[in-house]
Amino acid sequence: MIVLDLLTAFVFAYLAWAVFYQLTFSVAGHFFKIEKGKPTDKVRRFAVLIPAYKEDGVIVETAKAAMRLHYPNNSFEVAVIADQLKADTVQKLQALPITTIVADFEKSTKSKSINLALSKLGKDFDSVVVLDADNHPAPDFLHRMNEVLGKGFKAVQGCRAAKTGHTSMSVLDGVSEAVNNHLLCAGHRALGLSARLAGSGMAFEYGFFKNIMTTIDALGGFDKELELKITQAGETIGYAPEAVVMDEKVDNAGTFARQRGRWLAAQYRYGRRFAQPAIVGLFTNMNVDFFNKTVQMALPPRLILPGLLAIGTLVSLIFQMPSAAFWSVLFLGNMASFLLAIPRKSWQPEFFQALLRLPLAFASTLKALTLIPVAAKSFLHTPHGSTNSITQ
């Protein structure tokens, strides 16, 4: 009985900590002020890298969208890393005024593609941007990144925004992205901590990024390892909410589960790997930023937490358990954190309709937990459909 009581207390404390953590940054996000450098900053020369693994359906339009960036033509170069693309897709890319780098890996990873591109492009760049094969950056994306890099950051996360959702699942995924921007970017920067890295829509100081990428060969979730190593080095990751990149969201439960399984596998793997050095860094040189990133990796999945709290609250109320009040407070606190983090523009009829699919999203996230062992051994690719042109 004592063991059961201790286990229950531990689970409750874990969930309470997760609610407090999320609510803190949800409130803090409303106090974030946009970071910009001086107007006289230099015009940096950007390498825009787009790794494309089996992305024949979207990569050509994405490359064209990157070419349309409103930035001096001689100050940026678009490079697509063609990994297992069809021959006719490669030919279409080679016909564009961009650099096409054909990859031939025995086992493909995003980090390998990026390192290959960095080895081919040389040193004639000040900064590098990483986009996904389905990303369409806003025309002023590089200008906005140039401004924030001018503040002295060596790493900056832009604002990933969802393209128009065609299914309830993609609508929910888009709102989830907006919540991440608020909590993990705006909320963290408001409290002086590093923003997250989302895997795309990111900009870095070129030499710094090239050096740190030589130490990364992640099977999946290279962005998690990257943000941990950046903060471990004492650098702060900035946030550029005005540097918008449109991102395609998953439109079905199966793809959602595979994607989250890959993310969770990386999150927990790197959380374990960096836990000890993060604790040491906290006590030896007060590296709170690095420690916070490691702590963040131990959080429960954001879509599972409210489900668990709802179940706990319902059960405790039905059986009139003494802990009912505690469960209810946690559940309401968690709901408040979401309400504060969801942007006003998301409160549209399609979002209310999509809320009916929350049980499916919860089930898909539970399924993602079962995919963690698979994702730890092989790359779970997220396929994308055809991409429509995005106008801003």
Side-chain angles (χ1 to χ4, degrees), residues 50 52-62 65 131-138 158-184 196 198-201 220-221 244-267 301-308 310 334-335 338-339 341-372 374-375 379-392:
I50 312 177
Y53 173 74
K54 295 183 177 181
E55 296 285 9
D56 299 272
V58 297
I59 186 57
V60 175
E61 287 304 313
T62 296
L131 300 177
D132 276 344
D134 63 306
N135 288 171
H136 282 196
C159 178
R160 296 209 315 179
K163 297 173 183 175
T164 302
H166 299 292
T167 68
S168 293
M169 189 61 74
S170 62
V171 171
L172 288 176
D173 196 17
V175 174
S176 176
E177 185 78 76
V179 169
N180 282 336
N181 288 336
H182 183 88
L183 297 174
L184 304 180
R196 66 156 178 169
S200 70
V244 178
V245 58
M246 306 304 290
D247 182 64
E248 183 179 324
K249 297 309 180 189
V250 297
D251 58 4
N252 64 79
T255 303
F256 184 91
R258 286 172 59 84
Q259 183 189 67
R260 263 51 180 187
R262 184 178 77 241
W263 291 356
L264 291 172
Q267 176 181 322
R302 194 164 295 115
L303 282 174
I304 284 182
L305 181 59
L308 294 177
N334 189 233
M335 289 299 99
F338 279 108
L339 291 174
I342 297 175
R344 292 181 180 180
K345 63 181 180 181
S346 295
W347 296 101
Q348 301 294 329
E350 57 267 22
F351 174 55
F352 290 103
Q353 183 179 356
L355 287 176
L356 298 175
R357 306 288 285 179
L358 272 177
L360 178 61
F362 177 73
S364 297
T365 309
L366 288 177
K367 181 181 179 181
L369 293 174
T370 68
L371 295 176
I372 289 177
V374 178
F379 178 68
L380 298 180
H381 175 55
T382 302
H384 299 98
S386 59
T387 305
N388 299 321
S389 298
I390 301 296
T391 57
Q392 293 289 330

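Position 1 is the first residue of the sequence; numbering continues from there. Excluded from the calculations below are hydrogen atoms, water molecules and symmetry mates; all remaining heavy atoms, backbone and side chain alike, are included.
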>> Assess, by modelled atom type and distance only, whether the side chains of Arg160 and Ser200 contain a donor and an acceptor separated by less than 3.5 Å.
In response: yes
>> Looking at Asp251 and Ser170, would you say the former's side chain and the latter's main chain have a donor-acceptor pair under 3.5 Å?
In response: no
> How many angstroms lie between CG in Leu183 and OG in Ser176, if you round to the nearest 0.5 Å?
Replying inline: 9.5 Å
> Just by distance, do the side chain of Asn181 and the backbone of Cys159 share a donor-acceptor pair under 3.5 Å?
Replying inline: no
>> As an exercise, state the distance from CD of Glu61 to CG of Asp134, rounded to the nearest 0.5 Å.
In response: 13.0 Å
> Going by heavy atoms in the side chains, are Pro301 and Leu264 under 4.5 Å from each other?
Replying inline: yes
>> For the backbone of Leu360 and the side chain of Ser364, can you confirm whether one donor and one acceptor N or O come within less than 3.5 Å of each other?
In response: yes
> Does the side chain to side chain contact (heavy atoms under 4.5 Å, CB included) test come out yes or no for Glu248 and Val58, once each step is laid out?
Replying inline: CA-CA 10 Å; Glu248 183 179 324; Val58 297; 4.1 Å; yes
>> How about CD on Gln348, more than 12 heavy atoms from neighbouring residues, nucleotides or ligands closer than 6.0 Å, or not?
In response: yes
>> Can you give me the closest heavy-atom contact between Ala161 and Val244, atom names plus distance?
In response: CB-CG1, 4.1 Å
> Does Asp132 reach the side chain of Ile50, with side-chain heavy atoms less than 4.5 Å apart?
Replying inline: no
>> Contact between Met335 and Pro306 at the side-chain level, heavy atoms closer than 4.5 Å - yes or no?
In response: yes
> For Leu172 and Ala361, which heavy atoms make the closest approach, and how far apart are they?
Replying inline: CD1-CB, 4.3 Å
>> Could you go through Arg196 and Glu177, starting from their C-alpha distance and side-chain angles, then the distance that decides it, and tell me whether this counts as salt bridge (Lys or Arg N to Asp or Glu O under 4.0 Å)?
In response: CA-CA 12 Å; Arg196 66 156 178 169; Glu177 185 78 76; 2.4 Å; yes
>> Any carboxylate oxygen within less than 4.0 angstrom of a Lys/Arg side-chain nitrogen, looking at Asp247 and Lys249?
In response: yes
> Given side chains that start at C-beta, do those of Leu305 and Phe362 come closer than 4.5 Å, heavy atoms only?
Replying inline: no
>> I'd like to know if the side chain of Thr255 pairs up with that of Asn252 as donor and acceptor (distance under 3.5 Å, no hydrogens or angles considered).
In response: yes
> Do the non-hydrogen side-chain atoms of Thr365 and Phe256 ever get within less than 4.5 Å of each other?
Replying inline: yes
>> Applying side chain to side chain contact (heavy atoms under 4.5 Å, CB included) to His136 and Thr62, what does each step give before you reach the verdict?
In response: CA-CA 6 Å; His136 282 196; Thr62 296; 3.8 Å; yes
> Are Val179 and Arg302 side-chain neighbours, meaning at least one heavy-atom pair lies under 4.5 Å?
Replying inline: yes
